[in-house]
Visitor: 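Pasting a structure below so you can have a look.
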There are 2 protein chains.
Amino acid sequence: MTTAGGRPPRRLRADARDNRDQLLAAARAEFTEQGTHASLNKIAQRAGVGAGTLYRHFPTLAALLAALIGDDVDALCATGRDLMTHPDPDEALAVWLHAVAVHATAMRGLVATQMAALRDRRTAGALAACHDAIRAAGVALLDRAHHHGSAPAHVDIADLLTLVNAAAWASEQAPDDAALLARLLALITAGLRA
Amino acid sequence: MTTAGGRPPRRLRADARDNRDQLLAAARAEFTEQGTHASLNKIAQRAGVGAGTLYRHFPTLAALLAALIGDDVDALCATGRDLMTHPDPDEALAVWLHAVAVHATAMRGLVATQMAALRDRRTAGALAACHDAIRAAGVALLDRAHHHGSAPAHVDIADLLTLVNAAAWASEQAPDDAALLARLLALITAGLRA
DNA sequence: TTGTTAAGCGGAGAGGTTCTCCATATCCTA
DNA sequence: TAGGATATGGAGAACCTCTCCGCTTAACAA
């Protein structure tokens, strides 16, 4: 909750803090049901607050998302640290990439919204912190695989993560092909062992 | 223009045909400027017709897109046929995949809209024909690479194309990194030679 | 306890979108 | 040229996002 998560501002009035929590809960519920295309209006309504309140707490969709996925991101980084002691560096990397992809598909539309948000000057900050945390974890695993002799030297972790996210996005578009994500990741990791 | 393109219906009244052409031209212009998030209202306005007319000719965004990209798809298939005589099967496949990706990024948002449309029962038909045509061209090239001994046997062309489209989508999200697409495709094709 | 005040609230409203409906206008054929 | 089939357009319904600002209320000092 502390490394990458969207921290609430310095000090919040008690009622404001309650509303913020209500909003996060409502958003999580609504996103789970509708994907990130859920209406922000409806989230405010579900939380029992006015639209203005939502927009004051979370000026953009990305800010809301960042607050929501912060914990997941921290968990992902912890998993990465654990995997550093895994006996097989190749498998460690593969397992972690899979975890990244699964996280990305936690809510329908998450990947796309994140990618879009990273491009948007207004909102890049909130999500960029999450991204950086993940990249840092990934670079360690990739380095280890490289020194182990299996991964090629010229692979950029940012590119690799981008491709993994893209695969997650694609698998999200085909919800009735549950095995697609695994097949796409296999295609990708095959390249790493080349 | 004949294989996969969105053919106009059987017989069209002369004025209707004119309007249809106006709409396609306006859509192409608007999509080029704004990406596929362009407002359909504005397209109708630009074409000088009412919104109702647009929706009668193209009930959905996907139908409009299918009519627009039909020619591109045919060109892609022709390129595929040409590449069948290329001396190096590996390179032929790589070149063709690159062409597929470039086609997919011709208009911002094209890939995402297509992918989404393929999932939508109302609109799957129009674009599925395009997809099938491309897949047919790809399977020939992949087969050839496989018999040449380079591509692994278990690769599904549909998965490969999905991954290539996903890469195209990702590179579209990062418009200021012009080389990203090439790097992602390199990552993918490295896996094919594994 | 009570008064002051800044923080926070909510919802109407501006301006955008998609998509439908059907009275009207236009083409085409006999 | 007349009449029926076909196509039109734009107002309107129902959504969306995001802003503004008068009102409410928590928090703190006296």
Side-chain angles (χ1 to χ4, degrees), chain A residues 7-27 30-31 33-67 108-109 112-113 116-117 119-123 126, chain B residues 7-27 30-31 33-67 108-109 112-113 116-117 119-123 126:
Chain A
R7 285 180 242 19
R10 281 267 226 134
R11 198 71 201 288
L12 221 44
R13 234 169 67 171
D15 55 344
R17 150 139 243 123
D18 283 354
N19 279 334
R20 191 175 187 279
D21 292 345
Q22 293 290 316
L23 280 167
L24 284 175
E30 204 73 16
F31 284 159
E33 290 168 19
Q34 316 281 335
T36 55
H37 270 48
S39 151
L40 297 186
N41 251 359
K42 288 229 179 79
I43 290 175
Q45 205 174 328
R46 184 169 191 153
V49 306
T53 302
L54 189 161
Y55 283 96
R56 195 167 341 91
H57 281 291
F58 308 103
T60 66
L61 181 57
L64 184 50
L65 237 30
R108 266 188 75 231
T113 311
R119 289 285 106 209
D120 186 336
R121 279 178 201 168
R122 294 179 305 166
T123 61
Chain B
R7 286 180 238 23
R10 280 267 224 135
R11 198 75 201 287
L12 222 44
R13 232 169 66 171
D15 55 344
R17 151 138 243 122
D18 283 355
N19 279 335
R20 191 175 187 281
D21 292 344
Q22 293 290 314
L23 280 167
L24 285 175
E30 205 72 15
F31 285 159
E33 291 167 19
Q34 314 281 337
T36 56
H37 269 47
S39 151
L40 297 187
N41 250 1
K42 289 229 178 79
I43 290 175
Q45 204 174 328
R46 184 169 191 153
V49 306
T53 302
L54 188 162
Y55 283 95
R56 194 167 342 90
H57 281 290
F58 308 104
T60 65
L61 181 57
L64 183 50
L65 236 30
R108 265 189 77 232
T113 311
R119 288 285 104 210
D120 186 337
R121 278 178 202 169
R122 295 178 304 167
T123 61

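Worth saying up front: this structure is predicted, and the values here are computed from it rather than measured. We name chains A, B, ... by the order of the sequence lines, and we start the count at 1 in each one.
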Visitor: Quick one: pull up CD1 in A/Ile43 and CG in A/Leu61 and give me the separation to the nearest 0.5 Å.
Guide: 7.5 Å
Visitor: Can you identify which nucleotide, out of C/dC27, C/dT18, D/dG9, has its nearest atom closest to the B/Ser39 side chain?
Guide: C/dT18
Visitor: Looking at the side chain of B/Tyr55, which of C/dT20, C/dG8, D/dT8 is the nearest nucleotide?
Guide: C/dT20
Visitor: Heavy atoms only, 4.0 Å cut-off, all strands: where does A/Asn41 land among base, sugar-phosphate and nothing?
Guide: base
Visitor: Taking atom CZ of A/Arg108 and atom CD of A/Glu33, what is their separation to the nearest 0.5 Å?
Guide: 13.0 Å
Visitor: Mark yes or no for a side-chain to base donor-acceptor pair under 3.5 Å between A/Arg13 and C/dA7, with no hydrogen or angle criteria applied.
Guide: yes
Visitor: Rounding to a whole Å, what distance do you find between A/Arg20:CZ and C/dG8:P?
Guide: 12 Å
Visitor: Closest nucleotide of DNA chain C for B/Ala51 versus for B/Ala14: which of these residues is on the 5' side?
Guide: B/Ala51
Visitor: Could you please name the option among D/dC28, C/dC9, C/dT26 that lies closest to any side-chain atom of A/Arg11?
Guide: D/dC28
Visitor: Over how many whole Å does the gap from A/Phe58 atom CZ to C/dC9 atom P extend?
Guide: 11 Å
Visitor: Could A/Lys42 and A/Glu30 be called an ion pair, given the rule that one side-chain N must be under 4.0 Å from one carboxylate O?
Guide: no
Visitor: I need the CD-P distance between A/Glu30 and D/dT17, as an integer number of Å.
Guide: 11 Å
Visitor: Would a 4.5 Å heavy-atom cut-off, applied to side chains only, mark A/Phe31 and A/Leu64 as touching?
Guide: yes
Visitor: Mapping A/Leu40 and A/Thr53 to their closest nucleotides on DNA chain D, which lands nearer the 5' end?
Guide: A/Leu40
Visitor: Can you check the A/Asn19 CG to D/dT24 P distance for me, whole Å?
Guide: 17 Å
Visitor: In this structure, how many angstroms lie between the P atom of D/dT6 and the CG atom of B/Leu12, rounded?
Guide: 11 Å
Visitor: With a 4.0 Å cutoff (strictly under), does any side-chain N or O of B/His57 reach OP1 or OP2 of D/dA7?
Guide: no
Visitor: Calculate the interatomic distance between A/Gln22 atom CD and C/dC9 atom C1'; express it in whole Å.
Guide: 14 Å
Visitor: If you look at every strand shown and take non-hydrogen atoms under 4.0 Å, does A/His37 touch a base, only sugar-phosphate, or nothing?
Guide: nothing
Visitor: Mind calculating the distance between CZ (B/Arg56) and C1' (C/dA23) to the nearest angstrom?
Guide: 13 Å
Visitor: Looking at CG of A/Asp15 and CD of A/Gln22, how far apart are the two atoms once the value is rounded to the nearest 0.5 Å?
Guide: 12.0 Å
Visitor: C/dT17, OP1 or OP2 - any side-chain N/O from B/Lys42 closer than 4.0 Å?
Guide: yes
Visitor: Between atom CG in A/Leu54 and atom P in D/dT19, what is the gap in whole Å?
Guide: 12 Å
